[in-house]
Amino acid sequence: MSFVRTLRKLLFGETLLLPVGLAVVVAASLLLRALLDHAWADVGGFVVLAGVVAVLVLIVVVTARPASVALSSRRRWWRRRGSRPRR
Amino acid sequence: MTFVLVALGAAVAVSVELLEALAIVLAVAVSRRSSDALVGAAGAVVVCGVLAVVLGPVVLASVSLEALRVTIGMLLLLFGLEWLRKGTLRLAGRRRRSSSLAEYAETREELESSPLPPEGQADWAGRFVAFKGVLLEGIEVVVIVTALAARPSGPAPALVGAAAAVVVVLVVGAWLRKPLARIPETELKWGVGVLLSSFGVFFAAEGLGVHWPGGDAALLYLVAALAGVSQAQSHWLARAAQPA
């Protein structure tokens with residue numbers, strides 16, 4: 001079961017926001033391509049880039065843990081190995 | 001220039017994945033028996049080889065050029081943005097730094113609880129851990145190289161990059177443990193995330209009928225834009241975590 005879960009995380013990432021966000025970017029791009037007609041060929045790339053940047057910013061903000069939690073999990077990992085964390 | 005960028009992207013992505021697989025196989029070999037580690041790893045390599053032989057031709061034969069570019073772009077974005085997300089969080093101190101040495105130690109710890117069978121009997125626990133580790137990293141390698149190789153200009157740069165990565169990782173493997181601790185994996189993975197995401201945006205937009213200003217040189221400003229956004233967000237997150 002954990003193997004299947006790992007495989008799913010491998011393909012779709014740790015957050016569903018990533019595949020969903022990319023699907024929204026493609027759908028919005030197809031819609032804009034139909035609306036903008038010839039202008040799409042010149043500006044479409046920047047529209048896709050803006051969409052991807054928005055997805056990146058969103059998934060980073062949503063999945064960012066408080067620094068204290070991230071550091072304490074790191075300390076726990078090193079403590080199990082009997083060594084001190086190094087920055 | 002695209003040749004160099006694609007080869008570089010494939011080489012770094014494959015190197016990082018193979019290093020992680022190597023750490024797991026080494027852990028099994030050191031804490032159990034090297035023969036069982038190699039049997040498990042070889043089994044996974046065979047499965048990945050079959051997957052690569054099937055996946056490449058099927059993708060190329062069954063999808064139109066426009067849809068193929070969008071599919072490749074989306075696959076690269078799925079991997080690239082995930083690596084970039086983790087890299088941004090790691091650089092901001094919001095996630096544990098990536099370390100194959102840590103993976104090595106965790107695998108050894110995982111196997112310590114399972115007793116080693118007597119000489120002459122197969123060590124299925126060790127074989128399974130080596131198989132699973134190599135298979136999961138290998139699938140990622142197959143998907144990334146297939147996506148980069150399925151470009152209309154041909155598979156050569158992706159295959160050259162992947163082959164170079166295999167040589168580099170074999171040389172590092174000969175050094176064994178200590179170099180694993182010296183490799184700046186977090187920064188390497190962040191760089192791979194930027195490259196794969198840039199290729200993803202480039203191919204997906206081409207598949208959607210876009211003509212990039214500057215042609216292939218657009219990859220350079222895509223790399224700069226994504227790297228800039230990621231660095232800015234990483235600094236912002238790091239500053240937000242510091243007490244006022």
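Below, chain A is the first sequence line, B the second, and so on; all start at residue 1. Predicted model only: the values in this text are computed from it and were never measured.
Within the 4.5 angstrom heavy-atom criterion, atoms from both the backbone and the side chain of B/Leu208 approach chain A.
The minimum heavy-atom distance between A/Gly45 and B/Ala205, with the atom names listed, is CA-CB, 4.1 Å. Minimum interatomic distance between A/Leu49 and B/Ala225 (heavy atoms only, all atoms of both residues): CD2-CB, 4.2 Å. The shortest non-hydrogen separation linking A/Arg33 to B/Gly207 is NH1-O, 4.3 Å.
The structure places CH2 of B/Trp212 at 12.0 Å from CG of A/Asp42, a figure rounded to the nearest 0.5 Å. Remark: B/Arg85 CZ to A/Thr63 OG1 distance equals 4.0 Å, nearest 0.5 Å. With rounding to the nearest 0.5 angstrom, the CG atom of A/Leu18 is 10.5 Å from the CG atom of B/Leu84.
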Derivation and outcome, side chain to side chain contact (heavy atoms under 4.5 Å, CB included), residues A/Val55 and B/Leu77 = CA-CA 10 Å; A/Val55 170; B/Leu77 279 170; over 6 Å; no
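Panel note: side chain B/Gln233, backbone A/Val57; a donor-acceptor pair is recorded below 3.5 Å.
For the pair B/Leu81/A/Leu22, a side-chain contact is recorded, criterion being any heavy-atom separation below 4.5 Å from C-beta on.
The choice from A/Val60, A/Leu30, A/Val48 that makes the most heavy-atom pairs within less than 4.5 Å of chain B is A/Val60.
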